[in-house]
Novice: 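What follows is a single structure, and I will ask about it in a moment.
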Amino acid sequence: RTECTDAKQSKTLVAHLTALAHLLGRANKTQQAESLMLECLQTVSSAGGDFTLQGSVLANLSEMYTATQQWDKAEQYLEQEKQLVEKYYGVGNPMVARTSLRLAQLYAQQPDQLFKAIQTLEAIGALLESTGAQDTRTLVTVYTKLGEVARKAGDTAKAEEADTKRDNT
């Protein structure tokens with residue numbers, strides 16, 4: 001068990017533990033890597049709760065499980081990250097859209113989740129458009145990905161609609 005007395009120590013420790021967890025993940029020791037990453041979360045929470053570090057740790061956990069195709073665990077940690085981002089930025093913030101985009105990309109990697117990916121991408125597009133679409137790069141990415149996933153799912157009309165929206169952004 002590792003304790004930190006301030007935020008600077010916490011960031012340093014999390015960086016080291018994250019690096020070690022990545023090495024363990026690459027060695028297919030995901031259980032040990034997850035344990036270290038969860039220790040990182042605990043450390044960050046006990047050292048003042050830096051939400052950006054918490055989000056980073058959750059994203060790393062999700063990436064590790066995506067790489068090993070453990071979809072349920074990857075989704076679990078992405079959902080936690082999304083809730084954290086929504087809590088601190090608000091539901092309509094582009095940071096939430098970016099986290100949701102990673103969630104949609106996770107669904108798109110799974111043939112049985114293409115419809116869920118499409119729904120998520122459409123919701124992100126609508127959210128960004130309703131907030132004035134100041135983050136046009138993310139909106140273009142959303143419509144590009146929506147076109148790709150719709151084609152993969154065999155929905156040519158939706159793909160063409162997404163392409164048009166992308167081109168008009």
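The residues of the chain are indexed from 1 along the displayed sequence.
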Novice: Any chain of hydrophobic side-chain contacts (each under 4.5 Å) joining Tyr89 to Val91?
Specialist: no

Novice: Checking side chain to side chain contact (heavy atoms under 4.5 Å, CB included) for the pair Leu78/Leu58: CA distance, chi angles, key distance, verdict?
Specialist: CA-CA 7 Å; Leu78 262 179; Leu58 290 166; over 6 Å; no

Novice: Should Lys87 and Gln83 be marked as a side chain to side chain contact (heavy atoms under 4.5 Å, CB included) after you check the CA-CA gap, both sets of side-chain angles, and the distance that decides it?
Specialist: CA-CA 6 Å; Lys87 178 180 174 182; Gln83 290 171 3; over 6 Å; no

Novice: Where do Met37 and Val57 come nearest, in terms of heavy atoms and distance?
Specialist: O-CG1, 3.3 Å

Novice: With the 4.5 Å side-chain cut-off for hydrophobic clustering, are Met95 and Tyr77 part of the same group?
Specialist: yes

Novice: Below 4.5 Å, heavy atoms only, C-beta onward: do Arg102 and Glu81 meet side chain to side chain?
Specialist: yes

Novice: Show your reasoning for whether side chain to side chain contact (heavy atoms under 4.5 Å, CB included) applies to Lys158 and Glu122.
Specialist: CA-CA 10 Å; Lys158 190 174 295 288; Glu122 288 176 327; 2.6 Å; yes

Novice: If you compare all heavy atoms of Gln113 against all heavy atoms of Tyr107, which two are closest, and at what distance to 0.1 Å?
Specialist: CB-O, 3.4 Å

Novice: Please say which of Ile124, Val96, Leu128 ends up in a side chain to side chain contact (heavy atoms under 4.5 Å, CB included) with Leu101.
Specialist: Ile124

Novice: Report yes or no: does Arg166 contribute a side-chain atom to a donor-acceptor pair with the main-chain N or O of Ala162 at less than 3.5 Å?
Specialist: no

Novice: What heavy-atom pair brings Ala104 and Ala117 nearest, and what distance separates the two atoms?
Specialist: O-CB, 3.6 Å

Novice: Is any side-chain heavy atom of Glu75 less than 4.5 Å from a side-chain heavy atom of Leu106?
Specialist: yes

Novice: Indicate yes or no for a side-chain donor-acceptor contact from Ser35 to the backbone of Gln31 under 3.5 Å, with no hydrogens or angles considered.
Specialist: no

Novice: Do you know the tightest heavy-atom contact between Leu84 and Gly55?
Specialist: CD2-N, 3.4 Å

Novice: Provide the closest heavy-atom pair for Ser100 versus Thr120 in the form atom of the first, atom of the second, distance.
Specialist: O-CG2, 3.8 Å

Novice: Is it the case that over 12 heavy atoms from other parts of the model lie below 6.0 angstrom from the CG atom of Asp72?
Specialist: no

Novice: If I compare all heavy atoms of Ser62 with all of Ala74, which pair ends up nearest, and what's the gap?
Specialist: OG-O, 3.2 Å

Novice: Tell me, with the steps shown, if Arg151 and Glu148 meet salt bridge (charged side-chain N to carboxylate O under 4.0 Å, His left out).
Specialist: CA-CA 5 Å; Arg151 277 184 191 77; Glu148 292 170 6; over 6 Å; no

